[in-house]
Amino acid sequence: MTCQRRAFLAGTALALSAGPRPAAAQAGPYRIGMLSGGNLQESPDWDAFYTRMRELGYVEGRNVVYDRHAAAGDTARLAQMARDIVAATPNLIVTTGASEALAARTATSTIPIVMIFGGDPVGVGLAASLARPGGNVTGLTRIIPGFIAKSLELLTEALPQLRRIGVLANPDSPSYALYRKELDLAAARLSVTSLPSASASRPEQLPAAFAKLEQQRPQALFVLADALFYVQRQRVVDFARQLRLPSMHSFIEEIEAGGLMAFTVVWRDLYERAPAFIDKVLKGADPAVIPIEQPTRFGLWINLRTARELGLAIAPSVLLRAEKVIE
């Protein structure tokens, strides 16, 4: 073998190992690792995801195997779950939020990762840009500029007397800094004088967070989007109702559990769109050049039963904009 030939082969091997590789097209079965900080079977949105996968030709038990890992709100478990998924050498990894995508990216820089609703992928280092991610992560983000501010605006318009709003947050969330900055700026603009906060990153920390909020005596509760609060939504909602606090949430299921309001992306839309990314990658497309997409559908949900229970009158201007009102 000539020196030039050896150099060519060595350079080719280096190039192939240096960056993310698109999944090789194959007849199947494909192995798809799935990582969620919540529950992979609980939401009806997952039904929409699997239905769309079948429409694209991916049928579980026939040509695709799902390796499911769910932390049930305990995001401290995500890192080990991601390593377990990678050890099984899947063709592709599907994640839900930003914490899950970061855990998967830490575990592998070569296996393609498709987010269903990652947070701020550029801000947390998952992608160079939305238009050209440049790594092994693509998919969808739930974040658009002004989303948190709009949620606070709707809460204060619905209940103009609010001046002191408690915040329940997970400071370990990759999206926390972005959420908090936007919330603080919106509060100043909306004449909210105080945003007392309590933190929890694991289920067992919720009682202390609730006790701190109770001591701070807020007039309402703003729950930042997080897998922990989604999974533990009944505890969060029951706490707010016990203290007679109107609450703003990010998930429809939190309103169905008894929360007052939610301004949210239409999550089902994201779950239905994610399989198109999976299909592209499994057919050989490089995730580095597949643009990350933002949500296009949003909705305001209001639980009027909870409003009546709390003795609240929601401003008519807000009620008229609600996509769904629970009577």
Q: In Å, rounded to the nearest 0.5 Å, how long is the span from CG of Leu213 to CZ of Phe239?
A: 4.5 Å
Q: Is Glu323 close to Leu300 at the side-chain level, that is, under 4.5 Å between some pair of heavy atoms?
A: no
Q: Could you grab the distance from atom CD of Gln232 to atom CG of Leu168, nearest 0.5 Å is fine?
A: 11.0 Å
Q: Closest approach of Leu102 and Pro174, non-hydrogen atoms and distance?
A: CD1-CG, 3.3 Å
Q: Start with the C-alpha distance between Leu92 and Tyr30, add both sets of side-chain angles, then the distance that settles side chain to side chain contact (heavy atoms under 4.5 Å, CB included), and finish with yes or no.
A: CA-CA 8 Å; Leu92 178 146; Tyr30 295 101; over 6 Å; no
Q: In a check of side-chain contact (heavy atoms from CB on, under 4.5 Å) between Ile32 and each of Leu282, Val65, Asp67, Val114, which one passes?
A: Leu282
Q: Mind checking whether Val289 and Leu126 sit in one hydrophobic cluster, side chains of I, L, V, M, F, W, Y counted as touching below 4.5 Å?
A: no
Q: Over all heavy atoms of both residues, which pair between Ala128 and Val122 is shortest? Give the atoms and the distance, please.
A: O-CG1, 3.9 Å
Q: Nearest 0.5 Å please: distance from the CZ atom of Phe222 over to the CD1 atom of Ile165.
A: 8.0 Å
Q: Grab the two heavy atoms, one from Tyr176 and one from Ala169, that are nearest each other, plus how far apart they are.
A: CE1-CB, 3.5 Å
Q: Take Arg68 and Ser36 through the side-chain hydrogen bond (donor to acceptor under 3.5 Å, both in side chains) test and state the conclusion after the steps.
A: CA-CA 8 Å; Arg68 299 179 176 91; Ser36 172; over 6 Å; no
Q: Using a strict 4.0 Å threshold on nitrogen-to-oxygen distance, state whether Arg273 and Glu293 make a salt bridge.
A: yes
Q: Is the number of heavy atoms from other residues, nucleotides or ligands under 6.0 Å of Arg321 CZ greater than 12?
A: yes
Q: Check Arg235 against Pro207 and note the closest heavy-atom contact, atom names and distance.
A: NH2-CD, 3.5 Å
Q: How about Arg189: does its CZ atom have over 12 heavy atoms from other parts shown lying under 6.0 Å from it?
A: yes
Q: Aromatic contact between Tyr58 and Tyr50, with the criterion being ring centroids under 6.0 Å apart: yes or no?
A: no
Q: Kindly compute the distance separating CZ (Arg241) from OG1 (Thr306), expressed to the nearest 0.5 Å.
A: 4.5 Å
Q: Scan side-chain atoms only and decide if Ser201 and Gln205 contain a donor-acceptor pair under the 3.5 Å cut-off.
A: yes
Q: Check Ile292 against Pro133 and note the closest heavy-atom contact, atom names and distance.
A: CG1-CG, 3.8 Å
Q: Identify the residue among Val223, Asn303, Thr264 that makes a side-chain contact (heavy atoms from CB on, under 4.5 Å) with His249.
A: Val223
Q: Salt bridge check: are Glu272 and Arg268 linked by an N-O gap of less than 4.0 Å?
A: yes
Q: Do the numbers put Arg233 on top of the ring of Tyr230, so that NZ or CZ is under 6.0 Å from the six-membered ring centre and no more than 45° off the axis?
A: yes
Q: Pick out which of Ile326, Ile255, Leu159 makes a side-chain contact (heavy atoms from CB on, under 4.5 Å) with Leu260.
A: Leu159
Q: From Thr96 OG1 over to Phe49 CZ, what is the distance, rounded to the nearest 0.5 angstrom?
A: 11.0 Å
Q: Determine the interplanar angle of the Phe147 and Phe263 rings, folded into 0 to 90°, and report it as parallel if under 30°, tilted if 30 to 60°, perpendicular if over 60°.
A: parallel
Q: Between the side chains of Ser317 and Glu157, does any donor sit under 3.5 Å from an acceptor?
A: yes
Q: How many angstroms lie between atom CG of Asp279 and atom CG of Leu56, to the nearest 0.5 angstrom?
A: 5.0 Å
Q: Between Gln242 and Asp238, does any side-chain donor sit less than 3.5 Å from a side-chain acceptor?
A: no
Q: For the residue pair Arg31 and Tyr66, establish whether any side-chain heavy-atom pair is separated by less than 4.5 Å.
A: no
